[in-house]
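Predicted model only: the values in this text are computed from it and were never measured.
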Amino acid sequence: MGYEMTVDRIEKNGRWYILTGESGEKNVTARVLRSGGTKEGDIVEINGNTAKVLKEKTRLRREKVIALQKELFG
């Protein structure tokens, strides 16, 4: 079983993708062969050399961020 992370940055290094972000309260870096279409801000599950976007969790997170922005900036 893998772990979940919120992706802050994606870099391509040769045939690898380097994903940097947060898992819980820790900063983490994952090196994967398959990014699964990951974009910055996505919540992904890292399992071995593969990242899988958790679409529902990502959608909910984006909605929460938009609501906070509206609250702060009107």
Verify same cluster id: Val32, Tyr3 (apolar side-chain graph, 4.5 Å) = yes
For the residue pair Asn27 and Thr20, establish whether any side-chain heavy-atom pair is separated by less than 4.5 Å.
-> no
When rounded to the nearest 0.5 Å, the distance separating NZ of Lys52 from CG of Asn47 is 9.5 Å
So how far is it from Thr38 OG1 to Glu45 CD, rounded to the nearest 0.5 Å?
-> 11.5 Å
In this structure, are over 12 heavy atoms from other groups packed under 6.0 Å from Lys55 atom NZ?
-> no
Results of salt bridge (Lys or Arg N to Asp or Glu O under 4.0 Å) for Glu4 - residues two or more places apart only = Lys57
Any idea which heavy atoms bring Val28 and Met5 closest together, and the distance?
-> CG2-CE, 3.8 Å
Within the side chain of Lys12, is there an N or O that forms a donor-acceptor pair under 3.5 Å with the backbone of Gly14?
-> yes
Any side-chain heavy atom of Glu22 sitting closer than 4.5 Å to one from Asp8?
-> yes
Taking the side chain as C-beta and beyond, is there a heavy-atom pair between Lys39 and Val7 under 4.5 Å?
-> no
Do Thr29 and Leu19 come within less than 4.5 Å of each other through their side chains, counting heavy atoms only?
-> no
Which residues satisfy the side-chain hydrogen bond (donor to acceptor under 3.5 Å, both in side chains) test with Glu63, sequence neighbours excluded?
-> Arg59
Any chance you could measure Leu68, atom CG, to Lys64, atom NZ, to the nearest 0.5 Å?
-> 8.0 Å
Please report the shortest heavy-atom distance between Val53 and Gly36, naming the atom on each side.
-> CG2-O, 3.6 Å
Salt bridge (charged side-chain N to carboxylate O under 4.0 Å, His left out) evaluation trace for Arg62 with Asp42 | CA-CA 9 Å; Arg62 290 186 195 278; Asp42 285 349; 2.5 Å; yes
In the single-linkage hydrophobic clustering (I, L, V, M, F, W, Y; side-chain heavy atoms under 4.5 Å), do Ile46 and Leu54 co-cluster?
-> no
Can you find a pair of side-chain heavy atoms, one from Leu33 and one from Trp16, that are under 4.5 Å apart?
-> yes
When rounded to the nearest 0.5 Å, the distance separating CZ of Arg31 from CG of Asn13 is 8.5 Å
In chain order, what residues pass the side-chain hydrogen bond (donor to acceptor under 3.5 Å, both in side chains) check against Arg15, with sequence neighbours excluded?
-> none
